[in-house]
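Written below as structure tokens is the structure these notes are about.
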Number of protein chains: 2
Amino acid sequence: MASIEKTKQYLTDFKIHPSFQRIAIMKYLFENPVHPTADEIHTALVAVIPTLSKTTVYNTLSLLSQAGAIKELTIDEKQLHYDGYIREHAHFRCNNCGKIIDVAIDNDTLKIESLEKEHNIIITDTQVFYKGYCNECKNKFNY
Amino acid sequence: MASIEKTKQYLTDFKIHPSFQRIAIMKYLFENPVHPTADEIHTALVAVIPTLSKTTVYNTLSLLSQAGAIKELTIDEKQLHYDGYIREHAHFRCNNCGKIIDVAIDNDTLKIESLEKEHNIIITDTQVFYKGYCNECKNKFNY
DNA sequence: TTGTAAATATGTAATGATTACAAAATTAAA
DNA sequence: TTTAATTTTGTAATCATTACATATTTACAA
């Protein structure tokens, strides 16, 4: 359970002015680590903050993402998903129910530095996605 | 340079009827390993096959992707990109110019089997995405 | 405290990738 | 051939996201 104070501090650390809406969105991501979409976040929060606009949700997610406070997941073909936990980890997406779960990944295996040298590039973000069928859906697909 | 015959055989191996349009699209992906979007493929091919519809491109890419003949890349926030080379490798996307390049990845590091056991899931696809700045763009961003 | 500029939030309208769908064209099979 | 099945096409939707203009809130100087 992330307190409002902790959330406020977190935003401030990323040099983001902690407005009422920004705190609410960031706090929602901390408390709901299910990698929601912008629409899901809006639907959940508008029940509590009736005036919250969808544009604000999009703007805020974009701002948080650019500041590095959250991660934007391109794991889904249709919509972006958001993750409030930015520590290094990978994701698994069930192709049937769409659920996204965290899985552990060893950062070292990604060999970022050697790839940067080899291709003369700068790597600022890495995403590892696994797709398949979750424990609840796998039976439906002959696995 | 992939011949029409080789491409035809490739599609047949994946149990896909090798129609004129499907061969053209698959061959285009083989010969242009730059991970194009559906729209880019259509624009390039419609110059040669003026009657080719965008719907056919989308349908075909979806068919090829589901059959496992090509890979659908969700590396981009806006559009899907397609890759005709399905052997295991990772991708780097430049955040400035959008270019996507192949980078090597050691399949073993992904620990697919141990993750399947740990989470009781089936993994059918893995994608590793690196994002940052390419050798041409990095100078523009103080790197 | 009051006034004002800057920052933030809102609502509506556009954008654009992708899909749905029905009709047309092509291919296969009898 | 004749007919059925498959494939392609064009147009019209869908829907996530963004643009943009306006309204509201906040910060800060007087």
Side-chain angles (χ1 to χ4, degrees), chain A residues 7-8 11-12 14-28 35-67 69-82 93 95 98 100, chain B residues 7-8 11-12 14-28 35-67 69-82 93 95 98 100:
Chain A
T7 306
K8 201 182 262 189
L11 294 176
T12 306
F14 282 96
K15 304 198 197 310
I16 291 169
H17 178 79
S19 73
F20 178 69
Q21 289 86 343
R22 289 171 184 173
I23 293 169
I25 291 167
M26 190 66 238
K27 191 162 173 286
Y28 182 83
H35 321 93
T37 64
D39 193 65
E40 286 166 350
I41 296 168
H42 179 256
T43 300
L45 288 180
V46 86
V48 185
I49 309 168
T51 57
L52 182 69
S53 77
K54 201 172 269 191
T55 300
T56 295
V57 174
Y58 275 106
N59 286 344
T60 300
L61 291 171
S62 175
L63 181 75
L64 293 171
S65 178
Q66 284 203 307
I70 65 174
K71 273 213 173 193
E72 196 174 66
L73 307 182
T74 57
I75 197 170
D76 190 310
E77 298 77 13
K78 314 274 181 195
Q79 319 144 261
L80 293 171
H81 289 254
Y82 293 90
R93 198 275 312 267
N95 289 335
I100 299 172
Chain B
T7 306
K8 201 183 262 190
L11 293 175
T12 307
F14 283 96
K15 304 197 197 312
I16 292 169
H17 178 79
S19 73
F20 178 68
Q21 289 86 342
R22 288 171 184 172
I23 293 169
I25 291 166
M26 190 66 238
K27 190 160 173 288
Y28 182 83
H35 322 92
T37 64
D39 193 65
E40 286 166 350
I41 296 168
H42 178 256
T43 300
L45 288 180
V46 87
V48 186
I49 310 168
T51 57
L52 182 69
S53 77
K54 201 172 271 193
T55 300
T56 295
V57 175
Y58 275 106
N59 287 344
T60 301
L61 291 171
S62 174
L63 182 76
L64 294 171
S65 178
Q66 284 202 306
I70 65 174
K71 273 211 173 196
E72 195 175 68
L73 308 183
T74 57
I75 196 170
D76 191 310
E77 298 77 14
K78 313 274 182 195
Q79 317 145 261
L80 293 171
H81 288 254
Y82 293 90
R93 197 273 315 266
N95 289 335
I100 298 171

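Chain A is the first sequence line, chain B the second, and so forth, proteins listed ahead of strands; every chain is numbered from 1.
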ask   = What are the residues of residues 35-46 of chain A, sorted by number, that bring a heavy atom to within less than 4.0 Å of DNA chain D?
value = none
task = List in chain and number order the residues that pass side chain to side chain contact (heavy atoms under 4.5 Å, CB included) with Leu11(A), two or more places apart in sequence or in another chain; answer none if no residue qualifies.
result = Ile16(A), Pro18(A), Arg22(A), Ile23(A), Met26(A), Leu64(A)
request  = Report the residues that fulfil salt bridge (Lys or Arg N to Asp or Glu O under 4.0 Å) with Lys54(B), sequence neighbours left out, ordered by chain and then residue number.
outcome  = Asp39(B)
inquiry  = Just N and O in the side chain of Lys78(A): are any of them under 4.0 Å from OP1 or OP2 of dT19(C)?
reply    = yes
message = Under the rule for salt bridge (Lys or Arg N to Asp or Glu O under 4.0 Å), what residues qualify as partners of Glu72(B), not counting sequence neighbours?
response = none
task = Report the residues that fulfil side chain to side chain donor-acceptor pair (under 3.5 Å) with Thr7(A), sequence neighbours left out, ordered by chain and then residue number.
result = none
inquiry  = Without decimals, in angstroms, what is the distance between Asp76(B) CG and dA17(C) P?
reply    = 10 Å
inquiry  = Going by the rule side chain to side chain donor-acceptor pair (under 3.5 Å), which residues pair with His42(B) if we only count those two or more places apart in sequence or in a different chain?
reply    = none
query = From the 5' end of DNA chain D to its 3' end, which nucleotides mark the outer limits of contact with chain B, defined by a 4.0 Å heavy-atom distance cut-off (strictly under)?
reply = dT7(D) to dT18(D)
inquiry  = Among residues at least two apart in sequence or on other chains, which ones pass side chain to side chain donor-acceptor pair (under 3.5 Å) with Lys71(B)?
reply    = Asp125(B)
Taking N or O atoms only and anything under 3.5 Å, show me the protein contacts with nucleotides 6-9 of chain C, one pair per line.
{"residue": "dT8(C)", "atom": "OP1", "partner": "Arg22(A)", "partner atom": "NH1", "Å": "3.2"}
{"residue": "dA9(C)", "atom": "OP1", "partner": "Ser19(A)", "partner atom": "OG", "Å": "2.3"}
{"residue": "dA9(C)", "atom": "OP1", "partner": "Gln21(A)", "partner atom": "OE1", "Å": "2.9"}
{"residue": "dA9(C)", "atom": "O3'", "partner": "Gln21(A)", "partner atom": "NE2", "Å": "2.9"}

Under 3.5 Å, N/O pairs linking protein and nucleotides 12-16 of chain C:
{"residue": "dT12(C)", "atom": "O4", "partner": "Thr55(A)", "partner atom": "OG1", "Å": "3.2"}

remark   = For Phe20(A), the ring-ring contact (aromatic ring centres under 6.0 Å, His included) test, sequence neighbours excluded, returns none
For Thr56(A), all residues meeting side chain to side chain donor-acceptor pair (under 3.5 Å), sequence neighbours excluded = Ser53(A)
ask   = Heavy atoms, side chains only, cut-off 4.5 Å: are Ile25(A) and Val57(A) in contact?
value = yes
